[in-house]
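Starting from 1, each residue takes its place in the sequence as its number. Since the structure is predicted, the reported quantities are computational estimates derived from the model, not experimental observations.
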Amino acid sequence: MNPFIFNTTAQIVFQPGAAAEIGDIVKAKLGHRILFVTDPGLRKLGLCDPALASLATSGIEAIVFDSVEADPSLATVMAAMGAAKTAGATGVIGFGGGSSLDVAKVVALLCGSGEDIDGAWGVGNAKGPRLPLVLVPTTAGTGSEVTSVSIITVGGDEKRGVSSPIILPDIAILDADLTVGLPAHITAATGIDAMVHAIEAYASKSANNNPLSKMLARQALQLLGANIEKAVFDGKDRNARGAMLLGSMFAGQAFTNSPVAAVHALAYPIGGTFHIPHGLSNALVLPHVLRFNAPDAASVYAEIAADAFPELAAEQGAQGRCSAFIEKLAGLSAKLGLQPRLRDVGIGEEHLAGMASDAMKQTRLLVNNPREVNEADALSIYRAAW
């Protein structure tokens, strides 16, 4: 058995309604004045209000920063950091989707350490320490509440990451009630995103691929596969919503320790250039990347096929089960109402070559892929997806 390192969030609270009791949960950790990082949509919907009321009742002053956008920019991070410093924040809460959580992670790091963001980019370069940090996801997809990565958009469409266990939060609060109002198309896209995390973590060529990540990936696929349709088509099913949130977290724990690969590498140019939501970007290339990988990864995909789709246990042989798994995933995206082709989201054939070139920049991801991917391969995959 190979040596490995496994990092995860210190405390996880899985409880419906927990956000409305957040003051009691975090007051011993965060201090008396916190920066509350969220997005304008959640603020307008009032989804933050019970949490803010709970913080006030517990004697915690919350300075709300609600300007986080999808694919958050470095300018947004700097503005949030400025708000935290001006307020003298003693802790940070990230409340929302992956974008808000990623901003909260970097703000906690920069305010706590005083380091420069340019020195923190990359793997293991953040020095720390950070401010106390609590993350509350409102979508079941990114798993950001248990991942040691924050992705920020810099210089236009370029995405850069801070990757370090230092930015794992002190507490993650999983409250399924926060996801009940999530629209069906967002539920579908974020759910597929979580499934991609589990699949790529399980099959990752990373030297740190480990038994814990593999176990969590399989458990994630079991929860996600059994509940994604229920959550999409009956958004008020709290049991399904809770299972999706837990599955997303398990997948996050898996991939932050056994990193993702070519699906994400090819998804980033779709999101960065065309501003397609990350989960949908993954879904658009998922079956095509897996078909490309199949010659080298059929046995690995066959091992997890029945976790997501129990009926595939009857499929005989690794090749047959792998093929059936890939077709099931493609069919699931279509069944959930996600656009099946790149052309369906406004990407022209003339853009594919540039996307393939951009995908090659994601070296930190491509090295984990079960099969080596060159630029010509990436272009062929995009053409298949187009």
Side-chain angles (χ1 to χ4, degrees), residues 34-49 51-52 62-87 89 92-111 117-118 120-121 133-145 147 149-163 167 169 178-179 181-183 185-190 192-194 248 252 264 267-284 345-347 358 362:
I34 61 100
L35 185 74
F36 188 97
V37 180
T38 189
D39 67 65
L42 293 182
R43 192 74 191 281
K44 186 176 180 180
L45 288 171
L47 207 60
C48 309
D49 292 349
L52 292 171
I63 294 87
V64 179
F65 181 88
D66 60 2
S67 301
V68 178
E69 74 277 38
D71 299 316
S73 67
L74 183 56
T76 297
V77 171
M78 293 297 105
M81 184 175 70
K85 286 187 171 182
T86 299
V92 179
I93 293 177
F95 187 101
S99 295
S100 293
L101 305 195
D102 279 4
V103 169
K105 288 176 179 178
V106 178
V107 169
L109 171 69
L110 299 181
C111 288
I117 184 65
D118 288 333
W121 298 125
L133 176 64
V134 173
L135 300 179
V136 188
T138 60
T139 62
T142 67
S144 185
E145 69 277 6
T147 69
V149 178
S150 173
I151 303 297
I152 304 298
T153 302
V154 299
D157 296 330
E158 182 189 355
K159 292 178 182 290
R160 302 190 72 179
V162 175
S163 178
I167 62 173
L178 296 175
T179 68
L182 205 63
H185 70 282
I186 298 178
T187 301
T190 54
I192 293 292
D193 186 25
S248 171
H264 276 72
Y268 278 143
I270 300 171
T273 304
F274 298 96
H275 307 293
I276 306 301
H278 176 66
L280 178 56
S281 298
N282 275 331
L284 286 163
V345 296
I347 297 175
D358 287 345
Q362 300 295 330

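Within the 4.5 Å cutoff, side-chain heavy atoms of Val64 are placed close to those of Leu52. In this structure the side chain of Lys159 reaches within 4.5 angstrom of the side chain of Thr153, judged on heavy atoms. Proximity of Ile151 to Arg160: side-chain heavy atoms (C-beta onward) are nowhere separated by under 4.5 Å.
Of the possible polar contacts, none joining the Ser100 side chain to the Gly94 backbone as a donor-acceptor pair under 3.5 Å is found. Judged by distance alone, with hydrogens and angles left aside, the side-chain atoms of Thr190 form no donor-acceptor pair with the main-chain N or O of Gly141 at under 3.5 Å.
Qualifying side-chain contact (heavy atoms from CB on, under 4.5 Å) partners for Leu45, counting only residues two or more places apart in sequence or in other chains: none. Here Ala104 pairs with Val37, Val92, Leu133, Leu135 under the side-chain contact (heavy atoms from CB on, under 4.5 Å) rule; sequence neighbours left out. Every residue two or more places apart in sequence or in another chain that forms a side-chain contact (heavy atoms from CB on, under 4.5 Å) with Ala51 is listed here: Ile22, Phe36, Phe95. For Leu47, the side-chain contact (heavy atoms from CB on, under 4.5 Å) test picks out Leu42, Thr138, Leu178, with sequence neighbours left out. Every side-chain hydrogen bond (donor to acceptor under 3.5 Å, both in side chains) that Thr187 has, sequence neighbours left out, goes to Arg241. Taking the side-chain hydrogen bond (donor to acceptor under 3.5 Å, both in side chains) definition, one finds that Ser144 meets it with Asp102, Lys105, sequence neighbours left out. Every residue two or more places apart in sequence or in another chain was checked for a salt bridge (Lys or Arg N to Asp or Glu O under 4.0 Å) with Lys85, and none qualifies. By the side-chain hydrogen bond (donor to acceptor under 3.5 Å, both in side chains) test, Ser163 is found to be paired with no residue, residues two or more places apart in sequence or in another chain being considered.
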Please lay out, stage by stage, how Ile117 and Val162 fare under the test side chain to side chain contact (heavy atoms under 4.5 Å, CB included).
CA-CA 9 Å; Ile117 184 65; Val162 175; 4.1 Å; yes
Checking side chain to side chain contact (heavy atoms under 4.5 Å, CB included) for the pair Leu284/Val345: CA distance, chi angles, key distance, verdict?
CA-CA 10 Å; Leu284 286 163; Val345 296; 4.0 Å; yes
Could you walk me through whether Val107 and Phe65 pass side chain to side chain contact (heavy atoms under 4.5 Å, CB included), step by step?
CA-CA 11 Å; Val107 169; Phe65 181 88; over 6 Å; no
Side chain to side chain contact (heavy atoms under 4.5 Å, CB included) assessment of Val68 paired with Thr38:
CA-CA 6 Å; Val68 178; Thr38 189; over 6 Å; no
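A distance of 7.0 Å separates CG of Leu109 from CD1 of Ile167, quoted to the nearest 0.5 Å. A distance of 11.5 Å separates CD1 of Ile186 from CG of Leu280, quoted to the nearest 0.5 Å.
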Could you tabulate the donor-acceptor pairs under 3.5 Å formed by side-chain atoms of residues 271-279, not counting sequence neighbours?
| residue | atom | partner | partner atom | Å |
| --- | --- | --- | --- | --- |
| Thr273 | OG1 | Pro269 | O | 3.2 |
| His278 | NE2 | Asp193 | OD1 | 3.4 |
| His278 | NE2 | His264 | NE2 | 3.4 |
| His278 | NE2 | Asn282 | ND2 | 3.2 |

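In this structure, Ala84 and Leu35 approach most closely via the heavy-atom pair CB-CD2, 3.8 Å. Between Ser248 and Gly143, the closest heavy-atom pair is OG-N, 3.4 Å. Minimum interatomic distance between Ser150 and Val103 (heavy atoms only, all atoms of both residues): OG-N, 4.5 Å.
Side chain to side chain, Ser99 and Glu69 fail the donor-acceptor criterion of an N or O pair below 3.5 Å.
For residues 34-47, the set of pairs meeting the salt bridge (charged side-chain N to carboxylate O under 4.0 Å, His left out) definition, not counting sequence neighbours, comprises Arg43-Asp66.
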